[in-house]
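First comes the structure, then the notes that go with it.
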Amino acid sequence: MMQGRSIHTRGGVITEIDPDFCAIRLRLPAGILPVEKMTGIVEIAKKYGCKEVHLTTRQTMEIPHVDPSRLEEIVKDLEANGTPLGSEHEEVVNIIACPGTAQCKYANIETFGLAKKIDERVFGKETPIRVRISISGCPNACTSPVLNEIGVVGRIRPVRVAGMCTGCGTCAEYCREKAITIKNGISELIPERCVQCGICVQSCPFDLLKSEYRHYLITVGGRRGRHPAQGRELVCVEREEDVVEVIDRIVYWIYRTAWSGRHLADQLDDIDFEAFRKKIREEFSAGT
């Protein structure tokens, strides 16, 4: 959708407080940047007279103080470097993600590859509002997924191997939610306290706690800023490809039904989120 727009109106071009200059925001899903491309950005920044770059809160990068008359040149150079122009207006902006299973011992899902797949499907799509997407590998939620228009959280529902628990209490000790107690020499889960983080599964020294199912929780309608709001639970799915498909459906639903000038969090009821949730769950739900 962005290809037909003038470079000067693209979301990745941000006018600075001094209107004689603009900042160029890049497209870097999950903030992943091969070192050779980082070197390329350094050379591009130097070429256009910039001595520094800015790392943004959405895991991307900006080259500040660019002369607007050179926009076409810098955009071509960035494309050639594999770090193209990003987005910031009423569209799907840079997808962010925690390190996931690639680096974090608490993660339940792989996040970097998922972020890239989501980026390929929906990045830059024009919508009536700005759409932020955040992925967290576990309920620790380091990337604040529930405070984004679309959030994804990797979870594990624990289950004990029947008849084998030794009652050592390690799982209860590690559970931050106090969702596990030891009664009559065996562990018992208190479901209403469990956030499905999976730490108990990892902590069991005898491998007697298992994952009943590993899944992705998708939320909609979160908001950061001066009046933060948590997103509402939409659906749980088990497959990565279903995450991408559901997010594509959400973006299309926002495009077709949402109003401009209002945060998604403020109009979920007006655009009948419950009907949308029912439809999505009928097609994709893996349980809650």
Side-chain angles (χ1 to χ4, degrees), residues 2 5 7-19 21-68 70-71 74-75 77-79 81-100 102-104 111-112 114-116 118-120 122-127 129-137 141-152 222-228 231 247 251 263-264:
M2 296 193 301
R5 293 163 54 185
I7 290 177
H8 293 77
T9 63
R10 299 265 291 276
V13 178
I14 305 168
T15 302
E16 296 184 356
I17 190 169
D18 181 347
F21 296 95
C22 60
I24 307 300
R25 180 166 293 189
L26 310 186
R27 175 181 179 179
L28 301 175
I32 299 298
L33 188 62
V35 290
E36 63 271 13
K37 292 183 180 181
M38 182 178 292
T39 301
I41 291 173
V42 170
E43 295 306 315
I44 291 170
K46 289 180 178 178
K47 177 179 177 180
Y48 293 91
C50 182
K51 297 180 180 180
E52 58 186 20
V53 295
H54 172 221
L55 303 179
T56 77
T57 58
R58 291 212 63 83
Q59 297 183 342
T60 185
M61 188 179 294
E62 290 177 359
I63 301 176
H65 315 317
V66 174
D67 182 345
R70 305 190 70 186
L71 279 178
I74 192 170
V75 167
D77 286 347
L78 289 170
E79 288 280 355
N81 189 54
T83 51
L85 187 65
S87 62
E88 177 61 16
H89 292 167
E90 284 65 41
E91 53 200 351
V92 179
V93 300
N94 205 60
I95 289 87
I96 70 173
C98 73
Q103 299 175 28
C104 181
T111 56
F112 290 159
L114 177 58
K116 291 178 181 178
I118 295 171
D119 170 86
E120 291 170 0
V122 301
F123 175 84
K125 284 192 174 182
E126 295 180 43
T127 54
I129 58 174
R130 188 175 305 164
V131 176
R132 306 166 184 86
I133 301 174
S134 173
I135 306 169
S136 178
C142 296
T143 53
S144 303
V146 296
L147 299 182
N148 285 254
E149 280 75 16
I150 302 174
V152 179
R223 177 180 61 205
R224 302 181 73 172
R226 62 180 69 185
H227 300 293
I247 288 178
V251 171
H263 286 286
L264 183 62

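The structure presented is a predicted model; accordingly, all values stated were derived computationally and were not measured.
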* Asked: Under the 3.5 angstrom rule, does the side chain of R223 hit a backbone N or O of H227 as a donor-acceptor pair?
  -> yes
* Could you tell me which residues satisfy side-chain hydrogen bond (donor to acceptor under 3.5 Å, both in side chains) with S134, sequence neighbours excluded, listed by chain and number? => T143
* Distance (rounded to the nearest 0.5 Å) between I74 CD1 and C50 SG -> 8.0 Å
* Asked: In Å, rounded to the nearest 0.5 Å, how long is the span from CD1 of I14 to OG1 of T56?
  -> 8.5 Å
* Any idea which heavy atoms bring E62 and A23 closest together, and the distance? -> OE1-CB, 4.0 Å
* Asked: Is the side chain of T111 donor-acceptor paired with the backbone N or O of C98 at a distance under 3.5 Å, no angle test?
  -> yes
* For L28 and K37, run side chain to side chain contact (heavy atoms under 4.5 Å, CB included): C-alpha distance rounded to whole Å, both residues' side-chain angles, the deciding distance at 0.1 Å, then the answer. => CA-CA 11 Å; L28 301 175; K37 292 183 180 181; over 6 Å; no
* Asked: Roughly how far, to the nearest 0.5 Å, is OG1 of T127 from CD of E90?
  -> 7.5 Å
* Backbone of L26 reached by a side-chain donor or acceptor of T60 within 3.5 Å -> yes
* **From CD (E126) to OG (S87), nearest 0.5 Å** => 10.5 Å
* Asked: Can you check whether I150 reaches I118 side chain to side chain, under 4.5 Å on heavy atoms?
  -> no
* Asked: Out of curiosity, H54 NE2 to H65 NE2, how far, rounded to the nearest 0.5 Å?
  -> 11.0 Å
* Asked: Which of these, N148, V92, D119, V93, sits in a side chain to side chain contact (heavy atoms under 4.5 Å, CB included) with I133?
  -> V92
* Asked: If you round to the nearest 0.5 Å, how far is CD of E120 from CD1 of I95?
  -> 10.0 Å
* Look at the side chain of E79 and the backbone N and O of P84, then say whether any donor-acceptor pair between them is shorter than 3.5 Å. => no
* Structure fact -> Heavy atoms of A30 and F112 approach each other most closely as CB-CD2, 3.9 Å
* Asked: Less than 4.5 Å apart, any side-chain heavy atom of V75 and any of V13?
  -> no
* To do: Kindly determine whether V122 and V131 satisfy side chain to side chain contact (heavy atoms under 4.5 Å, CB included), including the steps that lead there.
  => CA-CA 10 Å; V122 301; V131 176; over 6 Å; no
* Structure fact -> On a heavy-atom basis, the closest approach of E149 and H263 is OE2-ND1, 4.5 Å
* Got a donor-acceptor contact below 3.5 angstrom from the E91 side chain to the H89 backbone? -> yes
* To do: Show the numbers, then the answer: is there a side chain to side chain contact (heavy atoms under 4.5 Å, CB included) between R130 and E88?
  => CA-CA 7 Å; R130 188 175 305 164; E88 177 61 16; 3.0 Å; yes
* With side chains defined as the heavy atoms from C-beta onward, is the minimum distance between I24 and Y48 less than 4.5 Å? -> no
* To do: Step by step, work out the side chain to side chain contact (heavy atoms under 4.5 Å, CB included) result for R25 and N94.
  => CA-CA 10 Å; R25 180 166 293 189; N94 205 60; over 6 Å; no
